[in-house]
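All remarks here apply to the structure that follows.
Model, not experiment: these values are computed from the prediction. Numbered from 1 within each chain, the chains take letters A, B, ... in sequence-line order. No hydrogens, no waters, no symmetry mates; every other heavy atom, side chains included, goes into these values.
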Number of protein chains: 2
Amino acid sequence: MLPAAEQAAQSLREEILSGAIPSGTRLGEADLAGRLSVSRTPIREALSRLAAEGLVEIQPNRGARVATWSAEPLREIFELRLRLEPYAVRQAVPNLGPEQLDELDDLAAAMLRTGKPGRHQNLGAIVELNRRFHGLFIDAAGSPPLAGALRGVTHAAVVTRNFHDYAPDALQRSLHHHVEMVAAARAGAGEWAEAIMRAHLYNARATMIGGRA
Amino acid sequence: MLPAAEQAAQSLREEILSGAIPSGTRLGEADLAGRLSVSRTPIREALSRLAAEGLVEIQPNRGARVATWSAEPLREIFELRLRLEPYAVRQAVPNLGPEQLDELDDLAAAMLRTGKPGRHQNLGAIVELNRRFHGLFIDAAGSPPLAGALRGVTHAAVVTRNFHDYAPDALQRSLHHHVEMVAAARAGAGEWAEAIMRAHLYNARATMIGGRA
DNA sequence: CACCGCTCGGTTGCATGCAATCCTTGCCAT
DNA sequence: ATGGCAAGGATTGCATGCAACCGAGCGGTG
């Protein structure tokens, strides 16, 4: 049985990232304690961690709110990701074992299915898949400091807009980027994967904050 | 009166960064609570934050230890810094007001004095000055995500080796880099400052982990 | 004599109670 | 009517007590 604080943190993370709890929502300790059936102490610790990850903001004596990201920080976040994530992918490629490549394949394929225009399209589900996809590369880079620096930042981008206002063609591009990235990884071509990741991020940035760097 | 948890975090941060508490030291909650005259609750919160900053590592049910950095993460840390900090400096330059430039001047001059070879040389004191110097630039970049990503990482480099095993000429170079960086900033030459920061980091990396990227 | 299991001391993790702080609402003065 | 202010309610921050877990030392067994 894992610690209650960790469990609470995971639950909250999930709910925030999935959009179940909208941005800016006030997170009262007592409420959360009641909802998750634990005391306020582990809740406080969970909130503390999520604040470190950048998912919630804590104001002293004024409680915690789900972080709200405006356009400005978002630009900076993409600036950061562009500097780090392509590099991370290149580092990750040589470290990917067969089973990880398979998992990446599965994730990319699942996103492609889930994102196909039509009645089954489930944009919400993509968020989590995408998070795992990027997270897998980042972890495989094998650099804890790099992973730490990117964690919060990728979260943030995911939260703001859950793919919902991707233009259809941009979304398709994005999903195919994933597929191509796995192909590059499977070929052991780190620089190829890096290039695709860079394009992937430019594409995302363009749809999220409009063109014009 | 600021919160006890914050105060405890600052105290510990200070002691760890100054080297008063060596790497790997076990941090018992009860001990710290006694030493800082607060309860264990704010101590736990402080440790949690420091863990997020990467200064301490906590293992579930096994307490917290001062983080210990080996050579490998150090390489990665410099890789990160090289990607982020020169950029941060360039962004910071246009945002620096007169009083901040003066403060940077003071810091650079103080480090120069304190690091001058001879009997007054006080390498320990440089650590804190250096931290403030870099921190000022990072904050002035005006990008919270960037600052967050760099915070922990600059801490780490500072902790490991407190300038003590800088070769004398490398140390002098490093201190003069600071001066030149302020000059560049005062001239409003962001790219100049960026270039110097890059050299500054290469110099530091060479002395810390040996040449050869 | 070496190795495994067990008990016990110590530490972390969690719950709860209390004090301090902040926000709100209603009242009063201008 | 509007602005300032004070009291009430609610919430956070901290302290303390208890339970769960980990590690060390000892006794038993092969």
Side-chain angles (χ1 to χ4, degrees), chain A residues 1-16 20-68 70 144 148 151-152 159, chain B residues 1-16 20-68 144 148 151-152:
Chain A
M1 158 132 186
L2 47 145
E6 186 60 30
Q7 223 167 339
Q10 284 184 14
S11 293
L12 282 175
R13 200 180 353 241
E14 191 104 7
E15 290 184 282
I16 293 174
I21 307 181
S23 277
T25 306
R26 203 156 172 291
L27 298 172
E29 296 182 0
D31 293 351
L32 297 175
R35 276 202 17 231
L36 301 176
S37 304
V38 291
S39 165
R40 278 176 45 216
T41 308
I43 293 290
R44 285 178 67 82
E45 179 159 346
L47 288 176
S48 195
R49 290 194 207 179
L50 294 180
E53 295 180 17
L55 283 178
V56 308
E57 290 169 339
I58 295 183
Q59 295 155 310
N61 286 326
R62 295 184 54 188
R65 317 182 73 86
V66 177
T68 161
S70 49
R151 256 310 152 219
V159 172
Chain B
M1 158 134 184
L2 46 145
E6 186 59 32
Q7 224 168 338
Q10 284 183 14
S11 293
L12 282 175
R13 200 179 354 238
E14 191 103 6
E15 291 185 283
I16 293 175
I21 307 181
S23 277
T25 306
R26 207 157 167 279
L27 298 172
E29 296 182 0
D31 294 350
L32 297 175
R35 276 203 16 230
L36 300 176
S37 303
V38 291
S39 163
R40 278 176 45 216
T41 308
I43 294 289
R44 286 178 65 82
E45 179 158 347
L47 288 176
S48 195
R49 288 194 209 179
L50 295 181
E53 294 180 19
L55 282 178
V56 308
E57 292 169 338
I58 86 180
Q59 298 155 306
N61 285 325
R62 296 185 52 188
R65 319 182 72 86
V66 177
T68 161
R151 260 305 157 221

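Whole-Å rounding puts the A:Q59 CD to D:dG13 C1' distance at 16 Å. Here C:dG10 presents its P atom at 20 Å from CG of B:L27, a figure rounded to the nearest Å. The nearest whole Å value for the distance from the CD atom in A:E29 to the C1' atom in D:dG13 is 8 Å. One can place CD1 of A:I58 at 16 Å from C1' of C:dC22, the figure rounded to the nearest angstrom. Distance B:E6 CD to D:dG13 C1': 13 Å, rounded to the nearest Å. Distance CG (A:N61) to P (C:dA19): 17 Å, rounded to an integer number of Å. With rounding to whole Å, A:R26 atom CZ is found 13 Å from D:dA10 atom P.
Closest of all the heavy-atom pairs between A:V66 and A:S23 is CG1-CA, 3.8 Å.
Within the 4.0 Å cut-off from OP1 or OP2 of D:dG23, at least one side-chain nitrogen or oxygen of B:R62 is found.
Ion pairing of B:R49 with B:E45 is present here, as a side-chain N (NZ or NE/NH1/NH2) and a carboxylate O approach within less than 4.0 Å. Salt-bridge annotation for B:R151 and B:E53: absent, with no side-chain N of the basic residue lying under 4.0 Å from a carboxylate O of the acidic one.
The stretch residues 35-53 of chain A touches DNA chain D through A:R40, A:R44, each having a heavy atom within less than 4.0 Å of the strand.
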Tell me, with the steps shown, if B:L12 and B:V56 meet side-chain contact (heavy atoms from CB on, under 4.5 Å).
CA-CA 10 Å; B:L12 282 175; B:V56 308; over 6 Å; no

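In this structure, CD1 on B:I21 lies 12.5 Å from CZ on B:R13, to the nearest 0.5 angstrom. For the atom pair A:E29 CD and A:L47 CG, the distance stands at 6.5 Å (nearest 0.5 Å).
The 5' end of DNA chain C is approached more closely, in terms of each residue's nearest nucleotide, by B:A30 than by the other of A:P60 and B:A30.
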